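Below: the structure, in structure tokens.
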Amino acid sequence: MRKQIVAGNWKMNNDLAETLALLTDLQKQTQTSNAEVMVAPAFTNLYKAFEALKDSNIEVIAQNMHYAENGAYTGEISASMLKSIGINTVILGHSERREYFNETDESLAKKVDAALEKGMRIIFCFGEELADRKSGNEGTVVENQIKNALFHLSAAAFQNIILAYEPVWAIGTGETASPEQAQDMHAFIRKTLANKYGADIAEEVSILYGGSCKPGNAQEIFSKPDVDGGLIGGASLKAEDFYAIVNAF
Ligand code: PEP
């Protein structure tokens, strides 16, 4: 049975004190679902966050990493550095990284390899822009993003890959994909995986939806058979909202 997962991407929000306060609030929430819960604070707060949550069932994860092991990459962080403070999961390929930091399928393929080599789990993000959807090209765009960054991997590697379909037009805009649009795309993604790796592998990969997911719409989106959870931006910054989404399963 594939895992249900809800991950909060805090982006460049919350200083150390705010991070610890939000973590305290999160720990006061009650979880009624079986979903795995993760939060991704900023790099500067990761270690303290990890320490604060190490006896809880909330996993602290990273928002990004570099593909090199170490070296002259000013301002960057490697997989080993993350592992050395207890971080085992990293978000890669977020549309904001692609848009503002020029991340490409090719550089992401290298990051994926580096993370897997260190035994990390990856939440791999991808999704079409509004123009792609308007022109009916969303399937081709998504298929290419997945193929270019992931299809050099062995089937076994997918044990450590979580996919996050995030239509760019829905991220932080308040506009959500309809549950049907999400289901159609998730089923298409699973079929794309099945064509390459076989149905058994495809059935085991969790595919999260991201894009203006909120307490009011999470239940309907998560009720779709190929939606295995969510990557949550804005609504993950309030403990009650985040847990309302976690408990939407
Ligand atoms: C995200 O950034 O991954 C995201 C889904 O953001 P939001 O929930 O704010 O749309």
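Counting starts at 1 for both ligands and their atoms, following the listed order. These numbers come from a predicted model, not from an experiment. Throughout, residue positions are numbered sequentially from 1 according to the sequence presented.
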Checklist entry - Can you tell which of M120, R121, M38 makes a side chain to side chain contact (heavy atoms under 4.5 Å, CB included) with I61? => result M38
Checklist entry - Under a strict 4.0 Å criterion on non-hydrogen atoms, which protein residues are in contact with ligand 1? => result N9, K11, H94, E166, A170, I171, G172, G210, G211, S212, L231, I232, G233, G234
Checklist entry - Are the side chains of E175 and W169 in touch, meaning some heavy atoms are under 4.5 Å apart? => result yes
Next on the checklist: Between N217 and T176, is there a side-chain donor-acceptor contact under 3.5 Å, judged purely by atom types and distance?
Outcome noted: yes
Checklist entry - So, are E106 and K110 salt-bridged, with charged N and O less than 4.0 Å apart? => result no
Next on the checklist: Looking at D228 and R190, is any side-chain nitrogen of the basic one under 4.0 Å from a carboxylate oxygen of the acidic one?
Outcome noted: yes
Checklist entry - Would a line drawn from the ring center of F222 to the ring center of Y209 be shorter than 6.0 Å? => result no
